[in-house]
Peer 1: 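Structure below; questions to follow.
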Amino acid sequence: MMGNHFEEMEKKRLEQNRKKQQDKETDAVRAVNNAKASLEIDGMKVSEETEAIMLKYAKGELTEQQVLELIKPKPGKTD
């Protein structure tokens, strides 16, 4: 009987963690879309590469320093 209780509690905990992760990812996508829209309103275009970097940062997969390194202009490259 107690085993079922603990199994149910574990299922609930796992479901809550899954929901939190989904919410975090949804918030990250929303934040990136808002930033992208803001830049586009100002007349700037966001490349797919930059958008992917922004999304990884918003999800916590990249640090601010890593983002700066990734978006740093490459020598000899002009936009």
Side-chain angles (χ1 to χ4, degrees):
M1 180 105 176
M2 289 298 282
N4 286 341
H5 174 72
F6 290 116
E7 288 174 17
E8 285 298 315
M9 294 299 290
E10 182 65 9
K11 284 181 186 177
K12 285 181 183 179
R13 187 185 68 77
L14 292 172
E15 183 59 34
Q16 287 173 341
N17 287 345
R18 189 170 24 257
K19 177 78 170 106
K20 284 180 186 177
Q21 183 62 30
Q22 286 174 339
D23 290 348
K24 182 179 177 181
E25 290 180 15
T26 299
D27 290 345
V29 169
R30 189 174 293 127
V32 168
N33 287 340
N34 289 341
K36 183 179 171 187
S38 178
L39 290 169
E40 289 173 347
I41 287 172
D42 289 340
M44 296 180 228
K45 177 102 172 96
V46 178
S47 71
E48 289 181 20
E49 179 183 14
T50 299
E51 187 174 352
I53 291 167
M54 290 166 56
L55 186 56
K56 284 183 176 184
Y57 177 72
K59 288 182 178 181
E61 296 172 8
L62 293 174
T63 65
E64 187 174 335
Q65 187 60 41
Q66 289 170 315
V67 170
L68 293 174
E69 288 298 317
L70 289 168
I71 64 173
K72 186 180 352 178
K74 313 289 188 280
K77 181 178 178 185
T78 59
D79 290 325

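All values derive from a computational prediction rather than experimental measurement.
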Peer 1: Among residues at least two apart in sequence or on other chains, which ones pass side-chain hydrogen bond (donor to acceptor under 3.5 Å, both in side chains) with S47?
Peer 2: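 Partners of S47 by the side-chain hydrogen bond (donor to acceptor under 3.5 Å, both in side chains) criterion, ordered by chain and then number, come out as T50.
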Peer 1: side-chain contact (heavy atoms from CB on, under 4.5 Å) with V67: which residues, sequence neighbours excluded?
Peer 2: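 Result, side-chain contact (heavy atoms from CB on, under 4.5 Å) vs V67: I53, Y57, L62, I71.
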Peer 1: Considering residues at least two apart in sequence or located in another chain, which fulfil the side-chain hydrogen bond (donor to acceptor under 3.5 Å, both in side chains) criterion with E10?
Peer 2: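 For E10 the side-chain hydrogen bond (donor to acceptor under 3.5 Å, both in side chains) partners, ignoring immediate neighbours, are R13.
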Peer 1: Report the residues that fulfil side-chain contact (heavy atoms from CB on, under 4.5 Å) with E15, sequence neighbours left out, ordered by chain and then residue number.
Peer 2: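 Per chain and number, E15 pairs via side-chain contact (heavy atoms from CB on, under 4.5 Å) with R18.
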Peer 1: Give every donor-acceptor pair under 3.5 Å between a side-chain atom in residues 34-42 and any protein atom, sequence neighbours left out.
Peer 2:
{"unit_1": "N34", "atom_1": "ND2", "unit_2": "R30", "atom_2": "O", "d": "3.4"}
{"unit_1": "K36", "atom_1": "NZ", "unit_2": "E51", "atom_2": "OE1", "d": "3.0"}

Peer 1: Quick one: name the residues clustered hydrophobically with M9, using the 4.5 Å side-chain heavy-atom rule over I, L, V, M, F, W, Y, and just say none if it's on its own.
Peer 2: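 Its cluster partners, ordered by chain and number, are none at all.
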Peer 1: Pick out which of N33, T26, V32 makes a side chain to side chain contact (heavy atoms under 4.5 Å, CB included) with V29.
Peer 2: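 Among N33, T26, V32, the one meeting side chain to side chain contact (heavy atoms under 4.5 Å, CB included) with V29 is N33.
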Peer 1: Atom CD of Q65 and atom CG of L70: how far apart are they, to the nearest 0.5 Å?
Peer 2: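 So the CD of Q65 and the CG of L70 are separated by 10.0 Å.
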Peer 1: Once salt bridge (charged side-chain N to carboxylate O under 4.0 Å, His left out) is applied, what residue pairs with a partner in residues 55-70 remain, sequence neighbours excluded?
Peer 2: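 Every pair satisfying salt bridge (charged side-chain N to carboxylate O under 4.0 Å, His left out) with a residue in residues 55-70: E69-K72.
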Peer 1: Linking I/L/V/M/F/W/Y whenever their side-chain heavy atoms sit closer than 4.5 Å, directly or via other members, would M44 and L55 fall into one cluster?
Peer 2: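 Hydrophobic grouping puts M44 with L55.
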Peer 1: Mind checking what makes salt bridge (Lys or Arg N to Asp or Glu O under 4.0 Å) contact with K19, not counting sequence neighbours?
Peer 2: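 Partners of K19 by the salt bridge (Lys or Arg N to Asp or Glu O under 4.0 Å) criterion, ordered by chain and then number, come out as D23.
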